[in-house]
**Student:** 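Here's a structure for you.
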Amino acid sequence: MNLIANFAVLASRRTIFDLPVCDLGWDDALVFINELASIPVGQTVVCFVNAHNMLTALRDDEYYRIMSHNLVLPDGIGLNIASQIAHGSPFPANLNGTDFVPAFLTFMETPRRIGLIGGARSVVEAAAENFRRHTPWHEFVVISDGFFDKVDSTDVTEEIERQKLDILIVGMGTPLQEKWVYDKIRADHARLVLTVGALFDFVSGAVPRAPKTVRMMRLEWAYRLIQEPARLWRRYIIGIPVFLFHVLRYRFRRRERILSQPEEQRSVSQPIADRRKAS
């Protein structure tokens, strides 16, 4: 990550399990990431974390480490509840990728060359076409679907290099997409990388979004559960209570340990130990 993005992560005061999550509102987030896209050196990887991602990070040290190097935006009501418990207030905005990425593409006035990777071929092609209609001043290039060898990705990375991209959008699911980007994508491939999960499914129309009223009520997770119960029941019915249990346990264990320390040591934190206990 470049120094400016790294400073933004370190400056964030909203941590969940000691993972810094940006507490920017919509306007500030759009402005900030647009500035990052304009920096001619370094690379910023933007990812979106929800309760499911955070539980995955608690079990997967490699994923947690990678996320700690990325610019993390909060996604969903689970993160809001966790922030309320840990910090006394929710995040200023729900910066989920499904809404944020199209808004960001619209916000960027400077034409960019943007590569897409992930999903089935028909899905990513349809997503690219809808992006072109949405923001015709950008150029969208389908690099690959998501069904390629993740270990030997030479053909894909060579195509990325050949296309001379400004921005790369990768939608292959968590934590695969973050690990692949960390291992394979260099700064000269793209200065800004967005890891977006199932975004292409929604943009292409392959998976319907919840009605706007449902989204405003912060119940899109329930709509998705109804649409895909066999795939998502474990994530929501079991995952959300487990996530909140870890949030509460983490908070009280941290408080107990701090109170048990001598007063002059109470400002010293032990983030890795905290996270391991929470998991």
Side-chain angles (χ1 to χ4, degrees), residues 26 29-30 33 45-54 56 70-80 91 93-108 112 114-136 138-148 167-178 180-181 192-237 239-240:
W26 266 93
L30 290 169
I33 296 177
V45 179
V46 178
C47 56
F48 304 86
V49 65
N50 55 31
H52 174 69
N53 302 149
M54 196 63 75
T56 302
N70 293 347
L71 191 64
V72 180
L73 302 184
D75 173 1
I77 193 169
L79 265 288
N80 258 2
F91 283 101
N94 174 23
L95 301 176
N96 68 85
T98 310
D99 292 323
F100 186 83
V101 173
F104 175 61
L105 296 175
T106 303
F107 184 83
M108 284 192 301
R112 301 292 185 187
I114 302 169
L116 308 181
I117 297 177
R121 190 75 192 191
S122 60
V123 168
V124 68
E125 292 281 4
E129 187 57 36
N130 285 339
F131 278 142
R132 293 182 189 109
R133 284 195 288 265
H134 177 70
T135 51
H138 300 309
E139 187 174 0
F140 294 92
V141 180
V142 175
I143 302 296
S144 173
D145 57 33
F147 300 96
F148 59 88
I167 297 171
L168 179 63
I169 304 178
V170 181
M172 298 192 299
T174 296
L176 174 62
Q177 60 192 10
E178 287 83 12
W180 184 79
V181 166
L192 181 68
V193 182
L194 306 172
T195 58
V196 297
L199 173 67
F200 300 151
D201 289 333
F202 295 115
V203 173
S204 68
V207 176
R209 289 287 312 267
K212 186 174 181 180
T213 302
V214 174
R215 299 201 301 268
M216 291 177 63
M217 295 171 64
R218 308 299 297 275
L219 291 173
E220 187 167 14
W221 66 270
Y223 180 87
R224 291 191 64 196
L225 177 60
I226 293 170
Q227 296 295 311
E228 300 181 84
R231 188 174 74 87
L232 297 176
W233 74 269
R234 190 180 299 274
R235 174 183 297 191
Y236 293 125
I237 300 301
I240 291 177

**Student:** I need the minimum non-hydrogen distance between Q177 and V170, along with the two atoms involved.
**Tutor:** OE1-O, 3.3 Å

**Student:** Tell me the closest heavy-atom pair linking A206 and V123, and the distance in Å.
**Tutor:** CB-CG2, 4.2 Å

**Student:** At what distance, to the nearest 0.5 angstrom, does CG of D75 lie from OG1 of T98?
**Tutor:**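 Atom-to-atom, D75:CG and T98:OG1 are 7.0 Å apart.
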
**Student:** To the nearest 0.5 Å, what is the distance between CD1 (I114) and CE (M108)?
**Tutor:** 4.5 Å

**Student:** Measure from the side-chain N and O atoms of H134 to the backbone N and O of P102, and report whether any donor-acceptor pair falls under 3.5 Å.
**Tutor:**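 Looks like yes, one N/O pair under 3.5 Å.
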
**Student:** V46 and side-chain contact (heavy atoms from CB on, under 4.5 Å): which partner among L73, I167, N70?
**Tutor:**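 Exactly one option meets the side-chain contact (heavy atoms from CB on, under 4.5 Å) with V46, and it is L73.
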
**Student:** May I ask you to decide if the ring planes of F100 and F104 are parallel, tilted or perpendicular, using 30° and 60° as cut-offs?
**Tutor:**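 Ring orientation of F100 relative to F104: parallel.
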
**Student:** Do L194 and L199 come close enough that some side-chain heavy atom pair is under 4.5 Å?
**Tutor:**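 Side chain of L194 against side chain of L199, heavy atoms only: no contact under 4.5 Å found.
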
**Student:** Would you check if F200 and I169 make a side-chain contact, meaning some heavy-atom pair closer than 4.5 Å?
**Tutor:**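 The answer is yes; the side chains approach within 4.5 Å.
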
**Student:** So which heavy atom on V142 is nearest to which on A128, and how close?
**Tutor:** CG2-CB, 3.7 Å

**Student:** Any sub-3.5 Å donor-acceptor pair from E220's side-chain atoms to R209's backbone N or O?
**Tutor:** no

**Student:** Quick check: does any side chain N or O of N130 sit under 3.5 Å from a backbone N or O of A127, one acting as donor and the other as acceptor?
**Tutor:**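 Answer holds: no.
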
**Student:** Heavy-atom distance under 4.5 Å between the side chains of L168 and I117, does that happen here?
**Tutor:** yes

**Student:** Considering all heavy atoms of both residues, which atom of F148 and which atom of D145 are nearest to each other, and what is their separation?
**Tutor:** CD2-O, 3.2 Å

**Student:** Got F140 and T135 here, is their nearest side-chain heavy-atom distance under 4.5 Å?
**Tutor:**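 Yes; the side chains approach each other to less than 4.5 Å.
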
**Student:** Locate the shortest heavy-atom distance separating P74 from A93; write the atom from each residue and the value.
**Tutor:**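 Heavy-atom minimum between the residues: CG-O, 3.7 Å.
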
**Student:** To the nearest 0.5 Å, what is the distance between CD1 on I240 and CD1 on I77?
**Tutor:**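 Reported to 0.5 Å precision, the distance equals 8.5 Å.
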
**Student:** How close do R112 and H138 get, counting heavy atoms only, and between which atoms?
**Tutor:** N-ND1, 3.1 Å

**Student:** Could you tell me whether the side chain of V196 reaches within less than 4.5 Å of the side chain of F48, counting heavy atoms only?
**Tutor:**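 The answer is yes, as the side chains (C-beta and beyond) meet within the 4.5 Å cut-off.
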
